[in-house]
Every structure is written in C-alpha cells, then in structure tokens.
Amino acid sequence: MNKIIIASALLALVATSGTALAGGASPEAVEKVVASSWKDPNTKNPEGAKPDWASRLVQDNLQKACSQTRNQPTKDLAEEIVADAKASVKFPEDGKLLGDWKNGEKIAQDGRGQRYNDKVGEPSGGNCYACHQIDKKELAYGTIGPSLAEYGKLRDFKDDAVKATYEKIYNSHSTIACSNMPRFGAQGILTIEQIKDVTALLMDKESPVNK
Ligand code: HEC
C-alpha cells in the first residue's frame with residue numbers, strides 16, 4: 001500500500017514539474033527543481049552536493065544564453081558566443097597540434113571521468129564514440145554528432161583543418177554558438193596533450209580513421 005502511495009506521489013511530482021516546465025516556468029522555479037534534484041548525490045555528505053558537483057549546477061553565461069533562447073540566439077549574440085569561444089582556445093606551447101593517435105583512440109573510447117565515483121583531478125576520457133562514428137572498425141557508437149570516419153582524408157589533411165579540429169574539440173562553441181558537444185578544453189575535461197591526441201586520431205594520415 002505504502003509503495004503505491006509513494007509511487008503515485010512521485011508520479012504527481014513528475015507530472016507537475018513536467019507541466020510547469022513545458023508551460024514556461026520562471027527561472028527561479030527551474031533553479032529550485034535543479035538544485036533539489038542534486039541535493040545529495042553523495043550519501044556520505046549529508047550537507048548536499050560535493051563542491052565540484054555544486055558548481056556544475058550553476059549555468060555559465062553561454063549556457064544561460066543558449067537556454068534562454070532555446071538554442072536560437074540572435075545573429076549578434078551567436079557571433080559574440082562564437083568569438084568568446086574562439087578566444088578561449090589555448091594552443092600547445094610547442095605549436096604542434098597533432099599528438100599520438102593511438103592514445104587518441106583510447107581517449108575517444110574512454111567515458112570515465114567527472115562521475116560521482118571518479119576522483120577529482122584524475123584524467124577523464126572524451127567519450128567521443130558515445131556521439132560519433134570514428135574508426136569504422138568500432139561498431140558501437142552514437143549518432144548525436146556526425147560521423148567522423150575518414151575525417152582527415154576528407155579534408156586533405158590541410159593545416160587549417162587541423163587547427164579548426166583542435167579548436168572545435170577545445171571549445172565546440174567556437175564553430176556553432178549553441179553546440180551540443182562538450183567543451184573539452186575550456187571546461188577542463190581533457191588536457192591540451194589529450195586534445196592533441198584526439199586531433200591526431202582524426203587528422204593523422206597514419207590513423208586508422210583515415211585508412
Ligand atoms: C554529447 C555528444 C558529443 C560528444 C561526447 C562529442 N561530440 Fe563531437 N559533436 C557533437 C555534435 C552534436 C556535433 C555537431 C555540431 C555541434 O553541435 O557542435 C559535433 C561535432 C564534432 C566535430 C565537427 C564535425 C564537422 O563535420 O565539422 C568534431 C571534429 C568533433 N565533434 C569531434 C569530437 C571529438 C574528438 C570528441 C571526443 C573528444 C567528441 N566530438 C565528442 C556531439 C558530441
């Protein structure tokens with residue numbers, strides 16, 4: 001009996017928050033729902049979300065702009081977002097944008113990092129295959145992003161394409177204002193070395209992606 005009561009209470013809750021959001025809830029109401037959903041992801045910490053999680057509940061300006069315009073910013077706002085994202089890109093000190101594609105493949109396959117049970121500061125993966133086809137030999141991939149098979153070959157391995165690829169991975173909003181791809185460098189998910197490695201996975205002539 002209790003279970004039924006709890007289940008219907010939960011259903012009612014889901015139904016009301018769903019309706020409220022669909023009807024265009026106030027920003028304050030949305031904030032409240034978000035904050036309460038993540039109040040205690042760590043049962044060892046009854047005070048609430050761990051600091052690294054709590055910080056992720058606050059939207060930065062780019063996320064706010066894209067949420068508020070439902071990913072359709074005005075032309076001027078879109079240009080501003082893209083320019084800011086471009087300016088955020090940090091390039092390797094040695095000027096070499098291509099790292100080790102073998103390591104890049106491992107990073108592209110690796111979905112670890114930034115989860116509840118991952119230690120803060122340990123290297124994360126890029127989880128690229130979750131959204132992209134990359135090496136055609138890998139059969140498990142997602143389709144949220146376009147296929148990246150033969151990526152370098154299709155771009156004639158040109159230097160400006162290498163640079164554009166590095167920039168896209170470092171900060172995906174450098175090409176599309178409200179991109180759906182994570183900002184790997186700008187958000188500190190991948191290091192510069194790791195970004196060089198995944199850039200090589202896509203752009204190195206020797207990478208199996210281009211065979
Ligand atoms: C959550 C899904 C997601 C993940 C994870 C993801 N991407 Fe993407 N990616 C996208 C989407 C969606 C696009 C299409 C354009 C956009 O929204 O930015 C894209 C576009 C790209 C492009 C540009 C493609 C083109 O034709 O211009 C490259 C290059 C790219 N991704 C590389 C990567 C790499 C490398 C990784 C892993 C380090 C990665 N992506 C992880 C979703 C993702």
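Since this is a predicted model, take the numbers as computed values, not measurements. Side chains are part of it too, since the values below use all heavy atoms of this structure and drop only hydrogens, waters and symmetry mates. When a ligand or atom number is given, it counts from 1 through the structure's own listing order.
The protein atom (non-hydrogen) at minimum distance from atom 40 (N) of ligand 1 is His132 NE2, 2.8 Å. The protein heavy-atom contact nearest to atom 42 (C) of ligand 1 is Met181 CB, 3.6 Å. Among protein heavy atoms, the minimum distance from atom 1 (C) of ligand 1 is reached at Cys131 SG, 2.8 Å. Of all protein heavy atoms, the one closest to atom 11 (C) of ligand 1 is Gly145 CA, 3.6 Å. Distance from atom 29 (C) of ligand 1 to its nearest protein heavy atom, with residue and atom name: Tyr151 OH, 3.4 Å. The protein non-hydrogen atom at the shortest distance from atom 12 (C) of ligand 1 is Ile144 O, 3.5 Å.
Among the atoms of Ser179, some N or O lies under 3.5 angstrom from an N or O of ligand 1. On a distance-only criterion, Lys168 and ligand 1 share at least one N/O pair closer than 3.5 Å. Where the criterion is an N or O separation shorter than 3.5 Å, residue side chain and backbone included, Thr165 fails it with respect to ligand 1.
Within the listing of ligand 1, atoms 1 (C), 12 (C), 17 (O) sit less than 4.0 angstrom from a heavy atom of Asn180. Listed by atom number, the atoms of ligand 1 under 4.0 Å from Ile176 heavy atoms are 15 (C), 16 (C), 18 (O). Close approach of ligand 1 to Ile169 (heavy-atom distance below 4.0 Å) involves ligand atoms 35 (C). For ligand 1 and Phe184, the ligand atoms under 4.0 Å from any heavy atom of the residue are 36 (C), 37 (C), 38 (C), 39 (C), 41 (C).
Residue contacts with ligand 1 include Pro146, since one of its heavy atoms falls under 4.0 Å from the ligand. Not a single heavy atom of Ala108 lies less than 4.0 angstrom from ligand 1.
For residue Ser172, no N/O/S atom approaches atom 8 (Fe) of ligand 1 to within less than 2.8 Å.
Contact check for Glu150 versus Lys136: side-chain heavy atoms found under the 4.5 Å cut-off.
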**Worked verdict on Glu138 versus Gln133 for side-chain hydrogen bond (donor to acceptor under 3.5 Å, both in side chains)** = CA-CA 8 Å; Glu138 174 56 85; Gln133 179 183 38; over 6 Å; no
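Put simply, the side chain of Asp197 gets close to the backbone of Asp100: a donor and an acceptor are under 3.5 Å apart. At distances below 3.5 Å, not a single donor-acceptor pair connects side-chain atoms of Asn127 with backbone N or O atoms of Ala108. Checked by atom type and distance alone, the side chain of Ser179 never pairs as donor or acceptor with a backbone atom of His173 at under 3.5 Å. Glu79 contributes no side-chain N or O that, together with a main-chain N or O of Asp76, makes up a donor-acceptor pair within less than 3.5 Å. For the pair Gln72 (side chain) and Thr69 (backbone), a donor-acceptor distance under 3.5 Å is absent. A donor-acceptor pair under 3.5 Å links the side-chain atoms of Arg155 to the main chain of Tyr151, judged by distance alone.
Contacts of Arg155 with ligand 1, taken as heavy-atom pairs under 4.0 Å, involve the side chain alone. Heavy atoms of Asn127 found under 4.0 angstrom from ligand 1 belong exclusively to the backbone. Here Leu201 has no heavy atoms under 4.0 Å from ligand 1, in either its backbone or its side chain. Of all the heavy atoms of Cys128, the ones lying under 4.0 Å from any atom of ligand 1 are found in both the backbone and the side chain.
Checked against the 6.0 Å centroid threshold, Phe184 and Tyr170 do not count as a close aromatic pair.
Taking 4.0 Å as the cut-off between side-chain N and carboxylate O, Lys196 and Glu193 count as a salt-bridged pair. Salt-bridge annotation for Lys158 and Asp160: absent, with no side-chain N of the basic residue lying under 4.0 Å from a carboxylate O of the acidic one.
Nearest heavy-atom pair across Trp101 and Pro208 is CZ3-CD, 3.2 Å.
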